[in-house]
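Whatever order the structure lists ligands and atoms in, that order sets their numbers, starting from 1.
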Amino acid sequence: MKDQSTAIIASGFDGDSSKLERYHCINPPIYHASTVLFESYAELCSANQGQYDGFTYGTDGSPTQRAFEEAMRDLEGGYFTRAFPSGLLAITSVLQAFLQSGDHLLVCNSVYGPVRRFAANVLAKFGVTTSYFPANCGADIELYIRPETRFILLESPGSNTFEIQDVPAVTEVARRHGILTAIDNTWATPLFFKPFDHGIDISIHSVTKYISGHSDVLLGTATVTQACYERFYKLCRSLEIFAPQEACYLALRGLKTLKVRLAQHAASALELATWLEGQGAVEAVLHPALPAHPEHAIWKRDFTGASGIFSFVLKPQYGQEAVERFVDALELFGIGYSWGGFKSLVTAGRFAQSELSRYGDRWIIRLNIGLEEVEDLKADVAQALLRLQG
Ligand SMILES: *Cc1c(COP(=O)(O)O)cnc(C)c1O
């Protein structure tokens, strides 16, 4: 007679999924696993020798994670996708995979801010130097290339300031110099821009934004070409990169409705942006689909849509206090970071001050347009603009 504790461990489910009832769930199950069981010792040995294509341990991910990764791979038209616990970790892992001591990294100056911190605090420590190039330099990227430049990181449009990069011009130069390129494709989503059609080697997303779409998930992906696969996969295996399984499940669910959500976000944002252009306090609206946007022609050539986040620049007489009054007066816009969710959000800052000369040190207000009725959003922004004067 075995002790109760032994009986409890052996009870219920023994890991043999063939014993489960036929239950064809329309969505993939979420698996909670550190241990995954092998059929035999021989199978475990084959896994140790790298000759096993099943899952060996929880850090391999799970079928839920694979399902999401394969959906992203196919949507992007890449060779292999890996999910990461956040968008930033996708970016920093890609940089670790392809750079080594002595290398030089080029990053567009409109890049997502925390990337600069990673370059300064981590890459520099391992002997990788980083410098920044103007996001709108196009083929002039050549002027910034050094003999030891190995990697170029683009983001189009740029976070906060929405410069559109001439990606084909940059990748043409990069290929000529044997330099790899990655792009942060978060704004366009996999629907509005296809990096691999424009010569990019690695496409990165913060899935946290539109793909998950409900402000309750942190997740990232990096998708690579076949030529980049080996170096990328080696890094993923070495760091045992995996993503939270609930997040993968929610991201896959988000992907199903991405197109219809995005259409609504996009239409409302463009309407609000067009209306804002006509408001007296506004100097410029930074939205790539507006004809007045400096790189509108490039956007039109390369993208098939514009998503729902943009910025506007106030006339020079409006300083910090006016911006504070405006932001606090908004009733429908939450004050907070991130974007791509159902609720409209606002942030503001002098994003341009250090690297981007186009707007000097002017105040920039960024609006993430949610799924509220656009006329209500317009009315809210209108009443808040009246508060700029105090
Ligand atoms: C939010 C964001 C990231 C980082 O994503 P997290 O999932 O929040 O880490 C990277 N790039 C861009 C353009 C972003 O907006």
Numbering as shown, the atoms of ligand 1 that approach Glu155 to under 4.0 Å (heavy-atom distance):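 Close to Glu155: 13 (C).
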
Which residue and non-hydrogen atom of the protein lie closest to [atom], and at what distance in Å?
atom                    : result
atom 7 (O) of ligand 1  : Thr208 OG1, 2.5 Å
atom 5 (O) of ligand 1  : Ser206 OG, 2.9 Å
atom 14 (C) of ligand 1 : Lys209 NZ, 2.8 Å
atom 6 (P) of ligand 1  : Gly87 N, 3.4 Å
atom 9 (O) of ligand 1  : Leu88 N, 2.9 Å

Under a 4.0 Å threshold between the charged nitrogen and the carboxylate oxygen, would Asp103 count as salt-bridged to Arg146?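 Here Arg146 does not pair with Asp103 in a salt bridge, since their nearest N and O are not under 4.0 Å apart.
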
If the plane angle is over 60° it's perpendicular, under 30° parallel, otherwise tilted; pick one for Tyr229 and Phe80.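 Aromatic pair Tyr229/Phe80 classed perpendicular.
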
Could you tell me how the ring of Phe326 sits relative to the ring of Phe312: parallel (under 30°), tilted (30 to 60°) or perpendicular (over 60°)?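 Geometry flag for Phe312 against Phe326: perpendicular rings.
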
Heavy-atom pairs closer than 4.0 Å: do any link ligand 1 to the side chain of Trp187, the backbone, both, or neither?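 Trp187 to ligand 1: no contact under 4.0 Å from either part.
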
For Ser159, which part has a heavy atom under 4.0 Å from ligand 1: side chain, backbone, both, or neither?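 For Ser159, the contact with ligand 1 is made by the side chain alone.
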
Do Tyr52 and Glu43 get their side chains close enough for a donor-acceptor pair, meaning under 3.5 Å?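 Glu43 and Tyr52 do have a side-chain donor-acceptor pair below 3.5 Å.
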
Does the side chain of Glu142 pick up a donor-acceptor pair with the side chain of His177 at under 3.5 Å?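 The criterion, which ignores hydrogens and geometry beyond distance, is satisfied for His177 and Glu142.
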
Just do the side chain to side chain donor-acceptor pair (under 3.5 Å) check on His104 and Ser131 with the steps written out, would you? CA-CA 8 Å; His104 171 240; Ser131 62; 2.7 Å; yes

Aromatic ring proximity, centroids under 6.0 angstrom, His205 and Tyr210: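 Centroid separation for Tyr210 and His205: 6.0 Å or greater.
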
When you measure from atom 11 (N) of ligand 1 to each heavy atom in Asp184, Thr186, Val111, which option holds the nearest one?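 The option holding the nearest heavy atom is Asp184.
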
Does ligand 1 have an atom under 4.0 Å from some heavy atom of Trp339?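 Yes, that is the case, since the closest heavy atom of the residue is under 4.0 Å from the ligand.
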
